[in-house]
Every structure is written in C-alpha cells, then in structure tokens.
Asks: 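So that we are looking at the same thing, I have put the structure below in structure tokens.
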Amino acid sequence: MNHWLMKSEPSVFSLEDLRRSPGQTAPWDGVRNYQARNYMADMRVGDLVLFYHSNCPEPGVAGTARVAREAYPDPTAWTPGHPGFDPRGPQPGPQGQPPQSPRWLMVDVTFLAAFPQPVTLAHMRGMAELAGMVLLRKGSRLSVQPVTPAQFQAVLAQAGRI
DNA sequence: GCCAACGTTGGC
DNA sequence: GCCAACGTTGGC
C-alpha cells in the first residue's frame, strides 16, 4: 500500500467538505499538472492520504483520507466554464462518453479522520522524521505527492500528540 | 499584497 | 531545441 499527500484550498474544498460529502466520498477533480496526474494514476484502492490545507491562514495536514476509486477521466476537463476546462484536450464522444485517451484523471477519496488540531506546515518543518519530505522541499508545489510510510506515521503520531 | 519558484506556451 | 514571456501556486 502506498501513501500520499493531497493539497486542497479549504475555501474551495476542505476536509470537512469531504466528510459531509455523500458517503463521505468525493472525486478529486481539477488536477492539471502532469506529474500530479501521474501520481494519481499510480494510486490504488485503500492507499492512505494526508489531506493538506493550502493557501490558508494556517497551512497544514488537517486529517486523513483513503483512495476509494482508482484513476478515471476527469469530466471537468471538458466542462466549459469550469476552472479546469481544457479546450485543447480530448473532448467527449458524440454520445457524451469520455474521450478514449483523456488527458486529465481523478480518483475518488473517502474521509477517514480529522485531526483534533492540524499538523501545521510550520510544525512539520521542525520534525526530524520529515526531513526530505516532498512537501518541505524548496519550491515544491506539487498538489499530489508521494509520502513514505514513515513520514505518514510521523504525521499521525504528531496529530495524536497535540 | 508580495514574490519566489515552477510549469506551460509559442516564436524562432 | 532554446528560451523569453506569461500564468499559477502558495507561503508569508
């Protein structure tokens, strides 16, 4: 089983929004970066996810989620008016079926747990176990990234300690 | 609001 | 293939 970190701006889609979704499950749409897409293609049902809140007053990991469905076409790519609309990408077929080789993919994730307090980015920077974590690398802005089992466990342990 | 870092685009 | 211009991300 693999471990991941996925970023979302809480003003757009927060961990609480995921918890309140039908079946506490929602598609992770809107990813428009090839490397992030490729990581999503590697995800398997049951993989564990650190749900990270970005671009907010206190950036950090808010809780955890689990991959509930493996990569499938992201329909927002051919939804005119959607922020993720990609007019250059493959468009759906005449009956509206997804394109044969869609450019953008999404997975479904299910809410697992909300931490009592988020494990903040500032705190994570001080955790020795997280040295080398993709999130903490200078200039890193990948919205979907791999996390080692040890890094995942370290964040969980820290969340339990707060 | 600022700005560094990064990714993409498009001319050549 | 190079690279300047531009747009986006995201912390601060």
Side-chain angles (χ1 to χ4, degrees), chain A residues 2-21 26-43 47-65 67 71-92 98-109 111-148 151-152 154-159 161-162:
Chain A
N2 288 316
H3 299 74
W4 310 94
L5 180 145
M6 300 175 88
K7 295 181 187 174
S8 185
E9 302 189 18
S11 63
V12 177
F13 188 78
S14 68
L15 180 62
E16 180 61 15
D17 291 328
L18 178 61
R19 193 184 65 75
R20 287 197 300 246
S21 297
W28 201 274
D29 61 18
V31 170
R32 295 295 180 270
N33 171 281
Y34 290 103
Q35 200 177 349
R37 177 205 65 183
N38 294 343
Y39 282 132
M40 285 202 297
D42 289 338
M43 292 183 179
D47 281 2
L48 297 176
V49 176
L50 295 174
F51 196 116
Y52 180 88
H53 282 167
S54 66
N55 205 8
C56 56
E58 188 131 271
V61 178
T64 55
V67 175
Y72 62 108
D74 177 353
T76 66
W78 57 84
T79 303
H82 190 282
F85 179 52
D86 179 10
R88 302 155 165 274
Q91 300 297 309
Q100 288 292 334
S101 41
R103 178 175 298 176
W104 301 115
L105 304 172
M106 61 187 187
V107 297
D108 286 356
V109 298
F111 173 88
L112 262 188
F115 295 157
Q117 302 287 334
V119 178
T120 66
L121 177 62
H123 192 93
M124 294 170 77
R125 290 195 192 285
M127 293 173 61
E129 313 94 295
L130 299 185
M133 191 176 184
V134 175
L135 179 77
L136 304 183
R137 293 217 268 261
K138 181 176 161 70
S140 165
R141 11 171 265 198
L142 256 189
S143 64
V144 178
Q145 15 176 300
V147 168
T148 68
Q151 291 164 349
F152 190 92
V155 173
L156 276 200
Q158 180 54 40
R161 216 173 279 137
I162 298 173

Asks: Please figure out whether A:Arg141 or A:Asn55 has its closest DNA chain B nucleotide nearer the 5' end.
Replies: A:Asn55
Asks: Do any of residues 123-137 of chain A sit with a heavy atom less than 4.0 Å from DNA chain B, and if so which?
Replies: none
Asks: Using a 3.5 Å limit on both distances, find every run of at least three consecutive Watson-Crick or G-U pairs that involves DNA chain C.
Replies: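 Stem segments, range with range: B:1-12 with C:1-12.
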Asks: Restricting to side chain to side chain donor-acceptor pair (under 3.5 Å), what partner residues turn up for A:Thr79, sequence neighbours left out?
Replies: none
Asks: Mind checking which nucleotides bracket the chain A contacts on DNA chain C, 5' to 3', with an atom under 4.0 Å from a heavy atom?
Replies: C:dG7 to C:dC12
Asks: Rounded to the nearest 0.5 Å, how far apart are CG of A:Leu48 and CG of A:Leu5?
Replies: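 One gets 12.5 Å once the value is rounded to the nearest 0.5 Å.
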Asks: Test of understanding: with ring-ring contact (aromatic ring centres under 6.0 Å, His included), list the residues that count as partners of A:Tyr34, not counting sequence neighbours.
Replies: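 For A:Tyr34 the ring-ring contact (aromatic ring centres under 6.0 Å, His included) partners, ignoring immediate neighbours, are A:Trp104.
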Asks: Only counting residues at least two apart or in another chain, list the ones meeting ring-ring contact (aromatic ring centres under 6.0 Å, His included) with A:Phe115.
Replies: none
Asks: With sequence neighbours excluded, what pairs up with A:Tyr39 under the ring-ring contact (aromatic ring centres under 6.0 Å, His included) test?
Replies: A:Trp4
Asks: Please collect all side-chain hydrogen bond (donor to acceptor under 3.5 Å, both in side chains) contacts where either partner lies in residues 122-133 of chain A, sequence neighbours excluded, each pair once.
Replies: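 Every pair satisfying side-chain hydrogen bond (donor to acceptor under 3.5 Å, both in side chains) with a residue in residues 122-133 of chain A: A:His123-A:Gln158.
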Asks: Listed by chain and number, what are the ring-ring contact (aromatic ring centres under 6.0 Å, His included) partners of A:Phe51, not counting sequence neighbours?
Replies: A:Trp28, A:His53
Asks: Could you pull out all residues at least two apart from A:Asp42 that satisfy salt bridge (charged side-chain N to carboxylate O under 4.0 Å, His left out)?
Replies: none
Asks: Could you work out, with side chain to side chain donor-acceptor pair (under 3.5 Å) as the rule, every residue matching A:Asp108, not counting sequence neighbours?
Replies: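 Applying side chain to side chain donor-acceptor pair (under 3.5 Å) to A:Asp108 gives A:Tyr72.
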Asks: Can you pull out every salt bridge (charged side-chain N to carboxylate O under 4.0 Å, His left out) where at least one residue sits in residues 30-39 of chain A? Sequence neighbours excluded, please.
Replies: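 Listed by first then second residue: A:Arg32-A:Asp74.
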